[in-house]
Structures are given as structure tokens and as C-alpha cells.
Amino acid sequence: MLVSDCMIRDVITVTPDDSLATALALTRRHRVRHLPVVLQSGDLAGILSDRDIRLAMPSPLTTTDPESAEFLERTPIAVVMTREVITANPFDTIEDAAKLLYRHRIGALPVVDGFQRMQGILSETDILHAFLRILGVSEPSSRIELALQDEPGELGRALMIISEAAGLNVVSVLVPSQEQNGRKLAVLHLGTIDPREAIGALEAAGYVVGWPTLASSLQAPVKPAR
């Protein structure tokens, strides 16, 4: 899944010369937390968050409401905006975009083309929705976990059992990189709300299965599935 599949294309933007009062009104009216700052040419110049606005506002302990309003009206966005912007490309993978958000501890990525022209914006909420779609949990399904020997073919045999013995579709498969005591954990979402037939077939083949988790089963030795 690519950034272009998940980003918001109809982006609320501001210019460097707009006031903080304008930006604050836009964040409230459209319920957004990040405003890309765009030049008349369409090029990205910076980004402004609702947090940036709050930090720039005078303290209510030392200023009156009219004084704060006047400050917001006369202060241009260019004074407060972040100029060094972390961006994504429409053809980046959603995984790479998620790593950027995590690494830089930011809440949104403006999406630009090779000429730095705005194409959209991708927020942490958009990425969360994307991963829900990837995992298949947006549709009725059941989550099971398998403890696998870290050997070639173990996961493939399990998927074959689910498909042929239980007659079920596997909606998604996730195998985290970590392993415990030479075992890998596979998280599967099956296209059914009752996976007991699949669990029985897997256990008969020697797999240790948890529904929805293996938390209570991981102490048991794992038998090679052959």
C-alpha cells in the first residue's frame, strides 16, 4: 500500500503571510491539527501545527483576551512555522511513512512530488486506518496466533492446512521479526468468526495455537509440524 492510497488530497493550506488568527480559525473549523504552508507557486514552504500556535500565544496570565486576539491578528505564520519539513512522496510505502512519523515524532507528513509541490497530507490517523486495512480487521475475521519453529516451510504448511483442511481464507499474515527460544510468532486473521475447525486441524498437525493469543500457551514445547 502506497502513501497515495491513503493520503488526504483535499488539503487545507495557508500561506506564510496569513495570520496566526487565520490559521487558528482554520484548525478549529476543519478540525485539523496540521496546516501545510504553501507559496503561491504551489511549492511547500513549511508546516504549522495547532501546537505551534498554542506555544506562540501569549500567556493568559499576563495578557487579556483582546491583547491575545490582537497578537494573533498581527503575527504572520512565517514567524512561527516549521521550515525544515519532513515530507513523503506519493509513491513511498505506507511502512516507510510510518517510520518517518515514528523516527521524527511528528503527527503528519505533507506529501509532495519531486518538485516540492503539494500533493496531499498523511496524518498518523490515516496511517492507523491503513494498517487496519492491511491487517484485514476492518472486516469480520478471527485472530489466531501460531508458535512456529524458525525453519523454512513451517508457515507455508500452516497456511496449507487452513486452506485445505478447514476451507478458510487467510485475510492477513503478520510475522514479527523477534523470536523467542528459537520460535517465531505468526499472527493470522482468518475469514471467519469461528476458527475452531482451523485450530483443530492445526493442533492435529502439531502446531501450538492461541485464539486470540498464545499468551497462555507459549510455555508449552512446540512440536515440529510435519
Side-chain angles (χ1 to χ4, degrees), residues 1-9 33 88-109 111 120-226:
M1 187 175 291
L2 301 178
V3 166
S4 59
D5 300 319
C6 311
M7 68 184 187
I8 302 299
R9 298 177 183 272
R33 295 172 51 201
N89 182 278
F91 300 106
D92 290 340
T93 66
I94 202 67
E95 295 91 341
D96 286 339
K99 285 191 291 186
L100 284 174
L101 287 182
Y102 177 77
R103 183 180 305 138
H104 297 282
R105 299 188 179 186
I106 53 179
L109 293 167
V111 184
I121 191 167
L122 186 76
S123 71
E124 55 193 357
T125 300
D126 300 323
I127 288 182
L128 178 59
H129 288 167
F131 277 107
L132 290 177
R133 289 166 57 193
I134 291 172
L135 291 173
V137 297
S138 57
E139 301 177 0
S141 62
S142 294
R143 180 189 194 276
I144 66 171
E145 291 183 356
L146 299 179
L148 304 172
Q149 294 286 358
D150 192 9
E151 298 176 359
E154 285 293 286
L155 179 59
R157 282 187 285 272
L159 297 179
M160 188 70 69
I161 290 169
I162 294 170
S163 174
E164 295 186 349
L168 293 176
N169 288 327
V170 178
V171 177
S172 68
V173 179
L174 176 65
V175 183
S177 58
Q178 301 91 345
E179 66 175 56
Q180 296 180 355
N181 301 322
R183 297 179 291 189
K184 300 285 284 188
L185 174 69
V187 181
L188 282 63
H189 283 88
L190 309 182
T192 179
I193 60 173
D194 185 358
R196 284 176 292 184
E197 183 176 356
I199 291 172
L202 289 166
E203 290 179 337
Y207 289 95
V208 177
V209 188
W211 176 30
T213 175
L214 271 170
S216 60
S217 305
L218 282 178
Q219 301 305 316
V222 180
K223 302 175 182 178
R226 292 289 185 264

[X]: what forms a side-chain hydrogen bond (donor to acceptor under 3.5 Å, both in side chains) with it, not counting sequence neighbours?
X	answer
D92	none
R33	E124
D96	T93, K99
E203	none

Between R183 (side chain only) and A147 (backbone N and O only), is there a donor and an acceptor less than 3.5 Å apart?
no
Return the CG to CG distance between L146 and L214, rounded to the nearest 0.5 Å.
7.0 Å
For a quick test of reading the model, state the closest non-hydrogen atom pair linking S141 to V171 and the distance between them.
CB-CG2, 4.5 Å
Output all residues satisfying side-chain contact (heavy atoms from CB on, under 4.5 Å) with [X], sequence neighbours left out; order by chain, then residue number.
X	answer
S163	none
M1	D5, C6, I94, A130, R133, I134
I8	I121, D126

Any non-hydrogen side-chain atom of R9 less than 4.5 Å from a side-chain atom of S4?
yes
If you look only at distance, which donor and acceptor atoms sit under 3.5 Å apart when one is on a side chain in residues 188-202 and the other is two or more places apart or in another chain?
from, atom 1, to, atom 2, distance (Å)
H189, ND1, L135, O, 3.4
H189, ND1, S172, OG, 3.3
T192, OG1, D194, N, 3.1
T192, OG1, D194, O, 3.4
D194, OD1, R196, N, 3.3
D194, OD1, R196, NE, 2.8
D194, OD2, R196, NE, 3.4
D194, OD2, R196, NH2, 2.8

